[in-house]
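Taking it in order: structure first as structure tokens, then the write-up.
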Amino acid sequence: SDLLILFLIIKPFTADFITNSLLISDGKGYWDLACNMVDAHYFSMDGKTPESFRTPGYPFFLSIFLTIFGHCTLPVIIGQLFLSLLLVFVCYKIFNYFVPESYSLIGALMIGLNAHMNLYAFSLFSDLLFAFCLALTFLLMIRLSENSSFKRIVIFLLMINLDRKSTRL
């Protein structure tokens, strides 16, 4: 409910919000990279010179939405809200391994109500994607320690690689 209220207050579906809030600073760089990945099929800010400053994880995430919905930020915001909810669920599953279920629920709610994570859901920054990938990697690592099948080891290694691609480590 807090996310819905924040969504209605910020109004990410208006053109004014898109030009003034989303497409500034790093968000504009990620957006431009994603647009060039979709339009020119090239990882570049200008469509010609290869980009070496930003990692390709988050622009690739954005390019999925651009390919499906076109050059509109609203589906990206909705996707990031969904990712935020998934992050809360993954954290709840992680907490269940260490504390009783009632404490796990409180911990997950605290993450869900974290103002920074909610603001990242309404911006074009890679932090939310990185936090989700990192939490999912940690959950897979915990599950891997219980049952170390080859399939789980491969999935864990792929998640670590995704974490590396979404931000510089």
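We use all heavy atoms of the structure for the numbers below, so side chains are in, but hydrogens, waters and symmetry mates are not. These numbers were taken from a predicted model, which means no experiment stands behind them.
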Notebook entry, point to check: Would a hydrophobic clustering, with Ile, Leu, Val, Met, Phe, Trp and Tyr connected at side-chain separations under 4.5 Å, put Leu85 with Leu105?
Noted result: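 Not linked; separate clusters.
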Margin query: Under 4.5 Å between side-chain heavy atoms, counting indirect links through other Ile/Leu/Val/Met/Phe/Trp/Tyr residues: same cluster for Leu109 and Leu87 or not?
Written below: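 No, it is not one cluster - the side chains of Leu109 and Leu87 are not joined through contacts under 4.5 Å.
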On a heavy-atom basis, which atom in [X] and which in [Y] lie closest, and how many Å separate them?
X      : Y      : answer
Val88  : Ala108 : CG1-O, 3.4 Å
Ile111 : Cys91  : CD1-SG, 3.5 Å
Leu128 : Ala121 : CD2-CA, 3.9 Å

Next item on the list: Please list all pairs passing the side-chain hydrogen bond (donor to acceptor under 3.5 Å, both in side chains) test where one or both residues lie in residues 102-115, with sequence neighbours left out.
Entry: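 Passing the test, one end in residues 102-115: Asn96-Ser104.
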Note to self: If the condition is salt bridge (Lys or Arg N to Asp or Glu O under 4.0 Å), which residues does Asp127 pass it with, not counting sequence neighbours?
What the structure shows: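 Partners of Asp127 by the salt bridge (Lys or Arg N to Asp or Glu O under 4.0 Å) criterion come out as none, since no residue qualifies.
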Check: Is Pro75 close to Ile68 at the side-chain level, that is, under 4.5 Å between some pair of heavy atoms?
Finding: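 A side-chain contact under 4.5 Å is absent here.
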Note to self: Counting C-beta onward and ignoring hydrogens, is there a side-chain heavy-atom pair between Tyr58 and Leu124 closer than 4.5 Å?
What the structure shows: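 Yes, side chains in contact.
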Notebook entry, point to check: Under the 3.5 angstrom rule, does the side chain of Gln80 hit a backbone N or O of Ser123 as a donor-acceptor pair?
Noted result: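 Answer holds: yes.
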Note to self: Enumerate the ring-ring contact (aromatic ring centres under 6.0 Å, His included) contacts for residues 62-96, please, sequence neighbours excluded, ordered by first and then second residue.
What the structure shows: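 Listed by first then second residue: Phe61-Phe65.
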Checklist line | Reported CG-to-CH2 distance for the pair Asn36 and Trp31, which is rounded to 0.5 angstrom | finding: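 Asn36 atom CG to Trp31 atom CH2 measures 12.0 Å (nearest 0.5 Å).
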Checklist line | SG on Cys133 to CG on Leu83, rounded to 0.5 Å | finding: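 Interatomic distance, Leu83 CG to Cys133 SG, rounded to 0.5 Å: 7.5 Å.
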Mind checking what makes side-chain contact (heavy atoms from CB on, under 4.5 Å) contact with [X], not counting sequence neighbours?
X      : result
Met110 : Ile106
Ile142 : Ile94, Tyr97, Phe98, Phe138
Val38  : Ser63, Leu66, Thr67

